[in-house]
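Side-chain atoms are counted along with the backbone in the values below, which use heavy atoms only and exclude waters and symmetry mates. The sequence lines fix the lettering, A, B, ..., with proteins before strands; numbering per chain opens at 1.
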Amino acid sequence: MGHGTTQQHDVIIIGGGGAGLRAAIAIAQENPSFSVACVSKVYPMRSHTVTAEGGAAASIKPNDSLEDHIYDTISGADWLADQDAVEYFVNEAPAEMIQLEHWGCPWSREPDGSVAVRPFGGMKIERTWFAADKTGFHMLHSLFQTTLKYGNIVRYDEHFATKLLLDDNGNCRGCAAIELRTGSTRAILGKSVIICTGGAGKAFPFTTNGSIKTGDGMAMAYRAGVALKDMEFIQYHPTGLPGTGILITEASRGEGGILVNKDGHRFLQDYDLGEALDVSDPRHPQKRAMELGPRDKLSQCFIKERDAGRTIETKDGHVMHLDLRHLGEAKIDKKIPFVRELARNYAGIDPVHQPIPVRPVVHYVMGGIDTDTDAATNIPGLYAAGECACVSINGANRLGSNSLTELLVFGAQAGRHAARFAMDHPDYDVSALEAQAADEGARVRRTYFDASRKGERIVTLRTELHDAMEDGAGIYRDADSLQAACATVTDLRERYRNVTLDDHTNSFNTELTAALELGSLLEVAEAMANSGLKRTESRGSHQRTDHPERNDDDFLAHSMAFRQEGGAPPRIDYKPVTITKWPPGARTYGAGSGLKKPAGETT
Amino acid sequence: MSGQYHRPHRWAWFLERPGYMRFMVRELTSFFVGGYLVVFLITLARLGGGEAAFAEWVAALASPGWMAAHIVALVAAVWHAVTWFAAVPQAMPIYLGEERLPAPIAAIVMGYGPWLTVTAVIVWWVLR
Amino acid sequence: MPAQDTMTLEIFRYHPETDSEPRFQSFEVPYNEDWVVLDAMNWIKDHVDGSLTHRWSCRMGVCGSCGMMVNGEPKLTCAAFLKDYYPFSIKVEPLVNFAVERDLVVSLDGFMEKLQAVKPYIVRDDVNDTSGGEYMQTPAQLAQYKQYSMCINCMLCYAACPVAGHEDEFLGPAALALGHRYNKDSRDQGQSERLDVMLMGEAIWGCTFVGECTEVCPKHVDPAGAIQQAKAGAAQEYFKRFVAPKGAGA
């Protein structure tokens with residue numbers, strides 16, 4: 001063990017999911033002489049992008065327009081998205097998606113051979129590209145396999161980054177990372193760094209997120225002095241399997257599936273989401289309405305319906321039914337085969353013959369590392385992209401199928417800008433950074449391998465964190481619940497300083513990585529709860545029962561959580577939202593909602 | 001560090017899974033197919049050696065031992081053919097537009113169908 | 001009477017720093033009919049022995065991390081339900097045909113090299129030019145390779161393949177299926193480059209069509225079929241090159 005060999009490259013990417021791999025290709029392609037390091041705690045094809053199901057949005061069809069995609073995204077975000085960022089994102093999306101098509105992604109097709117699209121929630125016009133219902137899987141593998149073409153992309157698989165390394169000028173120049181196979185901490189150095197480490201859904205007990213989604217990159221940037229932006233906005237996906245939290249894609253509703261309560265009633269019509277058209281009506285499923293409303297609203301409707309006693313009680317809690325039976329076996333097998341596979345394997349339900357029990361489940365963190373539209377943070381040379389970042393295009397509620405596209409657009413953007421920074425700022429002092437990495441390795445050993453410690457097990461603290469976040473920062477929150485969550489998280493951070501491991505060995509110490517992950521989650525959860533407490537309004541996914549209205553006068557602004565030393569709660573500042581052409585308006589769904597076009601234009 | 005652990009070589013690997021045993025049986029049937037071919041070649045050679053030699057060889061083949069050997073070879077050859085017909089749809093997929101011809105039908109189209117046709121033609125030719 | 005039903009897991013343990021030989025360790029876990037083998041392993045790691053080492057992430061059968069031998073069968077442990085083994089004990093071992101790093105963790109180094117060797121990406125001159133819009137591909141053309149694109153790299157097929165266990169030169173089921181996937185993609189023009197790799201030594205010819213890779217594949221990729229199809233293509237190419245050696249003509 002001790003400290004391992006130092007590695008030097010031009011750009012260091014931490015995270016090997018969709019955004020990280022897209023960034024790597026962007027750099028490798030445009031700077032063939034550059035050496036790009038991709039540092040990931042897992043093999044890239046295990047990254048959580050792999051589980052995304054329904055699709056990725058980009059406006060390419062003649063009946064669609066960039067303006068509609070922009071408006072759907074901004075209104076979906078409850079006007080908390082930065083409009084310059086959204087415009088950039090929507091404009092870049094088609095070329096990025098076509099690029100991925102060229103790299104082999106097996107998009108589902110129309111009979112003429114063009115790419116097929118399907119509708120998703122909160123969209124006025126169907127624009128979601130899909131590869132059946134394994135879109136994320138195919139995107140990730142296409143990207144990963146494409147990286148294998150480039151000899152200048154060097155992978156550090158199963159390397160757990162624990163600290164960003166900053167030079168004397170405050171530029172980010174790499175990371176300290178534990179090589180899991182040996183347990184040694186290596187300095188992986190470069191002229192610039194991109195964080196693409198994904199979200200932090202594992203702060204919650206009931207989530208679609210895999211075990212690796214522990215906010216490590218968010219926490220690393222936060223510790224280095226970058227603000228975590230809009231962390232109170234946590235997306236609950238309305239349709240997860242009870243018990244396991246396995247995602248049943250929104251595409252099942254895009255293809256025509258309906259949500260019903262215990263009486264078989266399509267209850268969404270009772271909550272201002274439009275008219276319940278018969279499933280045989282050719283206009284069903286209607287865009288921006290009913291089952292194709294946005295995720296935050298649908299999840300909130302479920303809670304209201306549950307509180308009214310109209311949901312179905314099961315051993316895994318209350319559920320509603322997602323009914324796909326009217327789609328028929330052929331359509332289910334062709335368009336959403338994975339839904340059938342998952343429902344059969346994990347719920348014992350065949351959706352061809354029975355409705356699927358579902359309930360809202362933590363799915364996505366809208367907030368993240370504060371970046372601008374260049375994917376740059378406030379630390380020179382440090383960039384971030386993907387779920388770990390907050391540009392922000394997602395605002396208070398992300399639209400389904402924007403996140404996969406975001407990986408591409410801002411992954412590539414981060415790659416280009418990080419490469420430019422590396423060219424402009426090539427020189428740094430290696431030995432000082434090596435020394436920092438060695439100190440970090442020593443700190444990890446000292447902290448976690450102290451045999452004299454008699455603290456608590458990881459699971460004890462993690463379970464309490466889960467309970468605190470679910471109880472305090474769930475779909476509906478108030479000052480008391482958030483205050484309690486803040487207090488618990490602060491207490492857990494204190495107790496975490498004494499967390500005790502069984503395993504003090506070096507090789508593949510996954511108990512150590514679990515402890516480090518818990519440390520990340522505690523930091524991120526603290527930002528979530530405190531940001532939520534300070535935002536005394538309701539907007540998108542952040543619903544305060546004590547402040548039920550949106551308050552644009554005070555809160556049309558991003559919350560910015562800055563970490564404080566000594567275990568104190570974060571300082572929360574605010575940064576105004578960038579509004580360009582779309583002034584805040586009422587967020588409406590149902591027939592006829594969406595961008596109002598000037599007279600004469602058809603919609 | 002003592003490093004990675006490598007499992008010892010397993011000489012009896014073919015006993016570990018039923019699929020491996022089926023594979024070995026399939027491969028072994030080829031000895032019978034080959035053996036029968038040798039017998040057939042000898043028969044042809046005897047035919048070239050004159051009527052008496054041929055008659056003597058045919059008489060020898062009528063012994064119970066040879067009869068038993070032929071039955072075993074026939075079973076083995078049939079099994080060999082069946083396993084190959086089962087493999088054909090995997091190795092040579094047929095697509096009708098987006099749909100792949102289901103394996104049982106493909107096995108009939110590419111395996112059993114031609115086999116039975118050729119057999120029928122031979123039977124007709126012999127019996128006509 | 002016990003308050004709760006339990007089950008026994010017999011788990012393969014090996015630590016590279018202290019062990020020269022592996023051993024088996026028994027753990028008693030609560031029986032929950034919704035649990036998969038992976039849940040039981042995680043319960044052990046959380047509550048009984050934090051040093052138990054295994055890989056996992058998505059717990060929904062798509063990330064490919066948690067492949068292990070469960071009672072001698074290569075399985076995704078997130079898809080192997082305790083109820084299918086109850087009340088008997090379950091033996092959990094690392095995937096066979098791989099070097100063991102620690103406990104249930106095996107080395108993927110060999111596979112990663114083999115995957116890269118088959119050039120699993122679109123080979124085409126204008127691949128980075130998006131100005132002409134998407135490449136057209138009809139649903140029928142998509143169907144030609146779609147099945148082989150479903151591989152999650154879980155390595156169960158290598159654990160089921162007797163050749164992969166004995167012949168290092170053999171590229172193995174998943175890598176060959178992925179090479180074949182690109183050969184069958186109407187957008188690709190790299191078949192000849194890939195066959196250069198496949199025609200070498202035992203790279204593809206090592207396959208004797210045992211077929212167990214297809215039997216254990218959790219995503220119905222049918223690597224055995226893909227390899228036989230690829231062999232047919234390779235044989236044609238071999239013959240063509242024999243008649244007109246590469247470089248001599250066109």
(message) Heavy-atom cut-off 4.5 Å, strictly under: side chain, backbone, both or neither for A:Asp157 against chain C?
(response) side chain

(message) Less than 4.5 Å to any heavy atom of chain A: does that hold for the side chain of C:Arg59, its backbone, both, or neither?
(response) both

(request) Heavy-atom distances under 4.5 Å only: say whether A:Lys134 touches chain C with side chain, backbone, both or neither. (result) side chain

(message) If the contact rule is any heavy atom under 4.5 Å from chain A, which residues of residues 136-145 of chain C qualify, in numerical order?
(response) C:Met136, C:Gln137, C:Thr138, C:Pro139, C:Leu142, C:Tyr145

(message) Less than 4.5 Å to any heavy atom of chain A: does that hold for the side chain of C:Leu178, its backbone, both, or neither?
(response) side chain

(message) So for A:Lys334, is it side chain, backbone, both, or neither that comes closer than 4.5 Å to the heavy atoms of chain C?
(response) neither

(message) Could you check whether any side-chain N or O of C:Gln116 sits under 3.5 Å from a backbone N or O of A:Leu148, counting only pairs where one atom can act as donor and the other as acceptor?
(response) yes

(request) Would you mind checking which part of C:Lys119 comes under 4.5 Å of any heavy atom in chain A, side chain (CB onward), backbone (N, CA, C, O), both or neither? (result) neither

(request) Please flag which part of C:Asn128 lies under 4.5 Å from any non-hydrogen atom of chain A: side chain, backbone, both or neither. (result) both

(request) Measure distances from A:Phe137 to the heavy atoms of chain C and classify the residue's part below 4.5 Å as side chain, backbone, both or neither. (result) side chain

(message) Is A:Leu501 in contact with chain C via its backbone, its side chain, both, or neither, using a 4.5 Å heavy-atom distance?
(response) neither

(request) Below 4.5 Å from any heavy atom of chain A, which atoms of C:Asp39 appear? Answer side chain, backbone, both or neither. (result) neither

(request) Identify which part of A:His504 has an atom lying under 4.5 Å from any heavy atom of chain C, answering side chain, backbone, both or neither. (result) neither

(message) Does the plane of the ring in A:His102 sit parallel, tilted or perpendicular to the ring in C:Tyr135? Use 30° and 60° as the thresholds.
(response) parallel

(message) With chain A as the partner, which of C:Cys151, C:Ser131, C:Gly61, C:Ala79 has the greatest number of non-hydrogen pairs under 4.5 Å?
(response) C:Cys151

(request) Under 4.5 Å heavy-atom distance to chain A, tell me which part of C:Val48 shows up: side chain, backbone, both or neither. (result) backbone

(message) Among A:Asp503, A:Thr460, A:Ile60, A:Thr147, which residue has the highest count of heavy-atom pairs closer than 4.5 Å to chain C?
(response) A:Asp503

(request) Name, in order of residue number, those residues of residues 103-113 of chain C that have a heavy atom at a distance of less than 4.5 Å from a heavy atom in chain A; otherwise write 'none'. (result) C:Val105, C:Ser107, C:Leu108, C:Asp109, C:Met112

(message) Counting heavy-atom pairs under 4.5 Å with chain A, which one of C:Asp126, C:Ile152, C:Asp185, C:Asp188 comes out on top?
(response) C:Ile152

(message) Is C:Asp46 in contact with chain A via its backbone, its side chain, both, or neither, using a 4.5 Å heavy-atom distance?
(response) both

(message) Quick check on C:Arg124 against chain A: is it the side chain, the backbone, both or neither that has a heavy atom closer than 4.5 Å?
(response) neither

(message) Counting only non-hydrogen atoms closer than 4.5 Å, does A:Gln29 touch chain C with its backbone (N, CA, C, O), its side chain (CB onward), both, or neither?
(response) side chain

